[in-house]
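Written below as structure tokens is the structure these notes are about.
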Amino acid sequence: MRFNFKKSLASALCLAWASSAYAAVEFKLGHFGAENHPSHIAAMQFAKQVEARTNGEVEVEIYPNNALGSPPEVLEQVIMGVVDMSLSGQDQLAKHVPLFDTVSIPFSLTDAEHADRVLDGPFKEWAAPELDKIGLVYLSSWDWGFRQLTNSKRPILSPADVKGLKIRTPPAMTYQAAMQAIGANVQTISFSELVMAMRQGVVDGQENPIGVIYSLKLYESQKYISILNYLYSSMVHIVSKDAWDRLNDQQRKIVREESDSARLLMRKLMREEELKQIQDMRAKGIVIDEPDLASFQAMMGPAYEQIKKKVGTANFDKWIEMTESLK
């Protein structure tokens, strides 16, 4: 058989082009949720659906539970393009884009549905261009929940009950300002060390959403829980511009749609599970109180002043106007 060099070369080039054209784009997504937390369940759905809808052209590998590093480290890696995606806490993003601290203005969001309306609408429009400036694409806001106060000493029914207690918070100004305003002796401990710190009694208490308290079994060392809903926190699904630029328009559309679907799944799971988790903890003998919030809100003046200095009065006022208009 006569060898046709030109035909063979053309065939080889076509095969090489086809292989290159359909090589999977592989993304790493890091987050701080535990493997049994709704954030990880939703992230796994996101990865599965993106791969299915792109016919395997986009693959997402999920790294939960700080597997790629602490929350600040993972966010830094996404900004640098070393990690492609993350579910980053709004408090971490605030270190790079200060207006994210407005979401943490105490008692500015009244309930979950109110938070959804604000974050999915005007806040996203406001924040997305600011994230773009540091090389990040804002996909959607996932739930982390309203934060509650736990401790090992006594029921907390008023700010007077908080006075003098050593309370762990994340290294986030708004959280610390709110706890200080009601009399707590604030201690900063990293999220990865939280469980051990609670077990060892390094501090008297901490604040987190019910889902975190339950999934990490913090109730084993924290007998008292007060439902304060004092501050709402979210995980923000972001992708680096470098990674985003590797996708075509159709793939980007799919990624956005599946991020939104995962966002809704996480919210549904979080809110359904929270009711069951509260019931289960009560059945275990945990004291769960729902104090009147007026006395706590009345103490927030100093916290509001600190937040205004951090985010700017204009941003503070814009957030308050935004939240008031969507109540």
Side-chain angles (χ1 to χ4, degrees), residues 72 89-111 114-115 118-119 123 126-127 144-191 194 197 202-209 212 222 224-234 289-325 327:
Q90 69 201 31
D91 56 314
Q92 298 301 324
L93 286 166
K95 296 172 183 176
H96 304 272
V97 180
L99 65 82
F100 270 91
D101 265 337
T102 62
V103 182
S104 307
I105 293 174
F107 299 107
S108 61
L109 293 170
T110 55
D111 55 32
H114 185 208
V118 175
L119 295 181
F123 179 78
W126 182 30
W144 192 245
F146 280 93
R147 303 179 79 89
Q148 319 304 349
L149 185 57
T150 76
N151 84 101
S152 60
K153 299 295 185 181
R154 54 182 176 261
I156 292 175
L157 301 176
S158 73
D161 300 319
V162 181
K163 191 172 182 180
L165 291 179
K166 292 184 291 183
I167 302 296
R168 177 269 176 189
T169 73
M173 182 274 295
T174 51
Y175 301 57
Q176 294 173 344
M179 286 292 106
Q180 288 168 348
I182 59 174
N185 179 359
V186 172
Q187 308 288 314
T188 298
I189 297 171
S190 70
F191 188 76
L194 176 59
V202 175
V203 292
D204 301 314
Q206 61 86 52
E207 51 73 67
N208 253 306
V212 177
Q222 303 278 285
Y224 303 100
I225 301 175
S226 291
I227 305 297
L228 298 185
N229 292 333
Y230 85 98
L231 186 153
Y232 179 81
S233 55
S234 64
D289 293 302
E290 298 183 33
D292 180 76
L293 301 182
S295 62
F296 293 91
Q297 290 174 294
M299 303 288 286
M300 289 298 114
Y304 293 154
E305 290 306 311
Q306 285 188 56
I307 296 168
K308 280 183 183 179
K309 289 179 182 177
K310 175 75 182 299
V311 305
T313 300
N315 285 339
F316 185 97
D317 292 344
K318 182 170 182 174
W319 170 263
I320 295 299
E321 180 182 352
M322 193 184 298
T323 55
E324 289 292 327
S325 69
K327 280 186 177 177

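Just so you know, residue 1 is the first one in the sequence shown, and it goes up from there.
With contacts defined as side-chain heavy-atom distances shorter than 4.5 Å, the pair Leu99/Phe123 qualifies. Between Thr188 and Gln176, some side-chain heavy-atom pair lies under the 4.5 Å cut-off. A 4.5 Å side-chain heavy-atom check between Asn315 and Trp126 finds at least one atom pair inside the cut-off. With contacts defined as side-chain heavy-atom distances shorter than 4.5 Å, the pair Pro98/Asp101 does not qualify. Taking 4.5 Å as the limit, every side-chain heavy atom of Thr323 sits out of range of all side-chain heavy atoms of Ile105.
Nearest heavy-atom pair, Ser104 versus Tyr175, reported as atom, atom and distance to 0.1 Å: OG-CE1, 3.9 Å. Taking every heavy atom of both residues into account, Pro159 and Ser295 meet most closely at CD-OG, 3.3 Å. Across all non-hydrogen atoms, the minimal contact from His114 to Ser108 is CE1-O, 3.5 Å. Across all their heavy atoms, Ser233 and Arg147 have their closest contact at OG-NH1, 3.1 Å. A pairwise comparison of heavy atoms in Thr169 and Glu207 identifies CA-OE2, 3.9 Å as the closest pair. Minimum heavy-atom separation, Gln148 to Leu228: OE1-N, 2.7 Å.
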Could you go through Phe316 and Ile307, starting from their C-alpha distance and side-chain angles, then the distance that decides it, and tell me whether this counts as side chain to side chain contact (heavy atoms under 4.5 Å, CB included)? CA-CA 8 Å; Phe316 185 97; Ile307 296 168; 4.0 Å; yes
Chi angles and distances behind the side chain to side chain contact (heavy atoms under 4.5 Å, CB included) call for Ile182, Met300: CA-CA 8 Å; Ile182 59 174; Met300 289 298 114; 3.5 Å; yes
Decide side chain to side chain contact (heavy atoms under 4.5 Å, CB included) for Trp319 and Val103; before the verdict, give the C-alpha distance in whole Å, the side-chain angles of both, and the deciding distance to 0.1 Å. CA-CA 8 Å; Trp319 170 263; Val103 182; 4.0 Å; yes
Can you list the steps and then say if Leu165 with Arg154 is a side chain to side chain contact (heavy atoms under 4.5 Å, CB included)? CA-CA 10 Å; Leu165 291 179; Arg154 54 182 176 261; 3.6 Å; yes
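Not counting sequence neighbours, Pro302 has no partner by the side-chain contact (heavy atoms from CB on, under 4.5 Å) test. Partners of Asp91 according to the salt bridge (charged side-chain N to carboxylate O under 4.0 Å, His left out) rule, which considers only residues two or more places apart in sequence or in another chain, do not exist here. Residues passing the ring pair (Phe, Tyr, Trp, His ring centres under 6.0 Å) test with Phe146, sequence neighbours excluded: Tyr232. Residues forming a side-chain contact (heavy atoms from CB on, under 4.5 Å) with Ser152 (at least two apart in sequence, or on another chain): Gln222. Here Ala184 pairs with Val162, Ile167, Met179, Val186 under the side-chain contact (heavy atoms from CB on, under 4.5 Å) rule; sequence neighbours left out.
Judged as a salt bridge (Lys or Arg N to Asp or Glu O under 4.0 Å), not a single pair has a partner in residues 162-182 (not counting sequence neighbours).
A distance-only check finds no donor-acceptor pair linking the side chain of Asp289 to the backbone of Pro291 [under 3.5 Å].
In this structure, NZ on Lys308 lies 6.0 Å from CG on Asp317, to the nearest 0.5 angstrom. Taken from OH in Tyr224 to CG in Asp204, the straight-line distance is 12.5 Å, to the nearest 0.5 Å. Distance check: Gln206 CD to Leu149 CG gives 8.0 Å after rounding to the nearest 0.5 Å. Distance check: Met173 CE to Gln180 CD gives 10.5 Å after rounding to the nearest 0.5 Å. For the atom pair CG of Leu109 and CG of Leu119, the computed distance is 6.5 Å after rounding to the nearest 0.5 Å. Atom OH in Tyr230 sits 13.0 Å away from atom CG in Leu293 (nearest 0.5 Å).
Heavy-atom contacts from other residues, nucleotides or ligands closer than 6.0 Å to CD of Glu321 number 12 or fewer.
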